[in-house]
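This report concerns only the one structure given below.
In each ligand, atom 1 is the first atom listed, and ligand 1 is the first ligand listed. Every value quoted in this text rests on a predicted model; they were computed, and no experiment measured them. Nothing fancy with the numbering, it's 1 onward along the sequence.
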Amino acid sequence: MKREEALQRIKPHLTEHRYAHTLGVLESALLLAERYGADQKKAELAAIFHDYAKFRNKEEMRALVQERLSDKSILDYGDELLHAPCGAYYVAQEVGITDEEILNAIRYHTTGRPGMSLLEKIIFLADYIEPGRVFKGVEEVREIAQKDLDRAIVAALANTVTFLLKRGQLVYPKTIDTYNHLIAEAKKA
Ligand code: DGI
Ligand code: FE
Ligand code: FE
């Protein structure tokens, strides 16, 4: 699928703000793919579709997870997590993308998972550092991202967990597992 066609496919599903965010994720993902040697075309499609389900009806998504998806654990950790695994499902069903690497990059873009592929890491990080993001600590993560992909993800995860803790929100265990996995791997190296 060509870039223009993919962008046309997501536009009706997103607000103007979220569409601009998606263009930022696309830009960052392509730069990271170049730097770390990932497939540019897969990075492009995964970035464009990563928030495809951001504005879907939450009840519909909860029902989808209950009925169709194997991992139901996200249901207990807040509705914000639904759009990633449900997005992967809808993108497969409605857009016809079948590449599991692309679908996994969409599926795990919010929480990460232990053992992420290069493409998954790139989409996870691009979502965090895209030029439109302004939250505290993002500039430091952008700098680390120039040199060390895993370290940048650890920094992003640490910021996100800190953010959730400060607001008294639930932290999804897989987010912590991802953090621990990357720290343990860095110690081994
Ligand atoms: O969809 P975006 O806004 O571009 O970014 P995202 O997919 O990373 O989603 C961000 C939201 O997800 C934000 O509200 C915080 C929430 N979130 C991220 N990690 C976790 C989380 N929420 C819970 N409960 N647990 C997590 O581990
Ligand atoms: Fe998202
Ligand atoms: Fe996003």
Side-chain angles (χ1 to χ4, degrees), residues 6-7 9-11 13-33 43-58 61-62 64-65 69 71-92 95 97 102-114 116 119-138 141-142 145 152-183:
L7 290 171
R9 287 300 295 257
I10 57 155
K11 213 164 193 174
H13 294 273
L14 303 180
T15 60
E16 197 123 328
H17 177 79
R18 186 59 42 178
Y19 185 74
H21 159 70
T22 297
L23 293 179
V25 175
L26 173 59
E27 180 187 331
S28 294
L30 290 176
L31 285 170
L32 290 169
E44 176 176 293
L45 286 176
I48 291 175
F49 285 103
H50 85 283
D51 274 341
Y52 183 73
K54 189 75 179 175
F55 300 104
R56 287 279 173 133
N57 181 281
K58 298 288 196 288
M61 289 197 283
R62 296 183 72 82
L64 174 67
V65 174
L69 305 192
D71 184 358
K72 313 207 186 300
S73 63
I74 56 157
L75 289 172
D76 300 324
Y77 293 92
D79 286 350
E80 268 307 310
L81 301 179
L82 294 166
H83 76 283
C86 293
Y89 181 89
Y90 294 134
V91 164
V95 186
I97 290 176
I102 295 175
L103 296 177
N104 277 337
I106 298 168
R107 191 171 284 130
Y108 298 110
H109 85 264
T110 302
T111 60
R113 63 162 171 163
M116 281 191 280
L119 188 70
E120 287 169 56
K121 289 177 179 178
I122 282 172
I123 299 305
F124 179 91
L125 190 57
D127 189 30
Y128 193 86
I129 65 171
E130 64 95 357
R133 298 291 207 194
V134 292
F135 35 66
K136 192 169 142 270
V138 70
V141 180
R142 285 189 184 113
I153 293 171
V154 165
L157 285 165
N159 285 349
T160 298
V161 171
T162 304
F163 168 86
L164 293 167
L165 293 177
K166 276 196 186 138
R167 302 172 112 220
Q169 292 190 13
L170 291 165
V171 181
Y172 183 54
K174 202 176 266 171
T175 303
I176 303 283
D177 293 343
T178 308
Y179 173 87
N180 284 334
H181 178 85
L182 290 171
I183 299 263

Can you check whether H109 has an N/O within less than 3.5 Å of an N/O in ligand 1?
-> yes

Atom 12 (O) of ligand 1 has as its nearest protein heavy atom T110 CG2, 3.6 Å

closest protein heavy atom to atom 14 (O) of ligand 1 is E80 CG, 3.4 Å

Look at atom 26 (C) of ligand 1 and find which of L170, L164, D76, I176 reaches it with the closest heavy atom.
-> L164

By number and element, which atoms of ligand 1 are closer than 4.0 Å to a non-hydrogen atom of H21?
-> 4 (O)

At the Fe ion (ligand 3), what's the angle from H21 NE2 to H50 NE2, rounded to 10 degrees?
-> 100°

Is the backbone N or O of I102 less than 3.5 Å from a side-chain atom of R107, with the two atoms forming a donor-acceptor pair by type?
-> no

Any idea which atoms of ligand 1 are less than 4.0 Å away from a heavy-atom of R133?
-> 2 (P), 3 (O), 4 (O), 5 (O)

Protein heavy atom at shortest distance from atom 27 (O) of ligand 1 | T175 OG1, 2.6 Å

Please indicate whether any nitrogen or oxygen in T111 is less than 3.5 Å from any nitrogen or oxygen in ligand 1.
-> no

Heavy atoms only: give me the nearest V138-V134 pair and the separation to one decimal.
-> CG1-C, 4.2 Å

Would you please determine whether Q169 falls within less than 4.0 Å of ligand 1 on a heavy-atom basis?
-> no

Looking only at protein heavy atoms, which one is nearest to atom 1 (O) of ligand 1, and how far off is it?
-> K54 NZ, 2.7 Å

Indicate yes or no for a side-chain donor-acceptor contact from K174 to the backbone of G112 under 3.5 Å, with no hydrogens or angles considered.
-> no

Search all heavy atoms of L45 against all heavy atoms of A6 and return the closest pair with its distance.
-> CD2-CB, 4.0 Å

Okay, side chain of R62, backbone of L75: is any donor-acceptor separation there less than 3.5 Å?
-> yes

Of all N, O or S atoms in D51, the one closest to the Fe ion (ligand 2) is OD1

Which protein non-hydrogen atom lies closest to atom 21 (C) of ligand 1, naming both residue and atom, and how far is it?
-> L81 CD2, 3.6 Å

Assess E130 for proximity to ligand 1: is some non-hydrogen atom of it under 4.0 Å away?
-> no

L14 and D51 have their tightest heavy-atom pair at CD2-O, 3.4 Å

Shortest protein heavy-atom distance from atom 25 (N) of ligand 1, along with the residue and atom involved = Y172 N, 3.2 Å

Give a yes/no on ligand 1: does K174 have at least one heavy atom closer than 4.0 angstrom to it?
-> no

Might you work through the ring-ring contact (aromatic ring centres under 6.0 Å, His included) test for H50 and H21, ending with a clear yes or no?
-> CA-CA 11 Å; H50 85 283; H21 159 70; 5.2 Å; yes

Are R133 and D127 side-chain neighbours, meaning at least one heavy-atom pair lies under 4.5 Å?
-> yes

Between K54 and E80, is there a side-chain N and carboxylate O pair less than 4.0 Å apart?
-> yes

List the atom of G137, the atom of N159, and the distance in Å for their closest heavy-atom pair.
-> O-ND2, 3.9 Å

For ligand 1, which atoms have a heavy atom of D51 less than 4.0 angstrom away?
-> 1 (O), 2 (P), 4 (O)

For N104 and R113, work out which heavy atoms get closest and say how close.
-> ND2-NH2, 3.6 Å

Of all the heavy-atom pairs spanning L125 and A145, show the shortest one and how long it is.
-> CD2-CB, 3.7 Å

Considering only N, O or S atoms of H109, the one closest to the Fe ion (ligand 2) | NE2

Test side-chain hydrogen bond (donor to acceptor under 3.5 Å, both in side chains) applied to S28 and Y128, step by step = CA-CA 9 Å; S28 294; Y128 193 86; over 6 Å; no

Using distance alone, determine whether T160 and ligand 1 share an N or O pair under 3.5 Å.
-> no

Which atom, among the N/O/S set of D127, is closest to the Fe ion (ligand 3)?
-> OD1

Of all N/O/S atoms in H83, which lies nearest to the Fe ion (ligand 2)?
-> NE2

If you draw a 6.0 Å radius around OH in Y90, do more than 12 non-hydrogen atoms from other residues or ligands fall strictly inside?
-> yes

Just need the protein heavy atom nearest to atom 8 (O) of ligand 1, so name the residue and atom and give the distance.
-> D127 OD2, 3.4 Å

Nearest-neighbour protein heavy atom for atom 2 (P) of ligand 1, which is reported as residue plus atom name and distance | R18 NH1, 3.2 Å

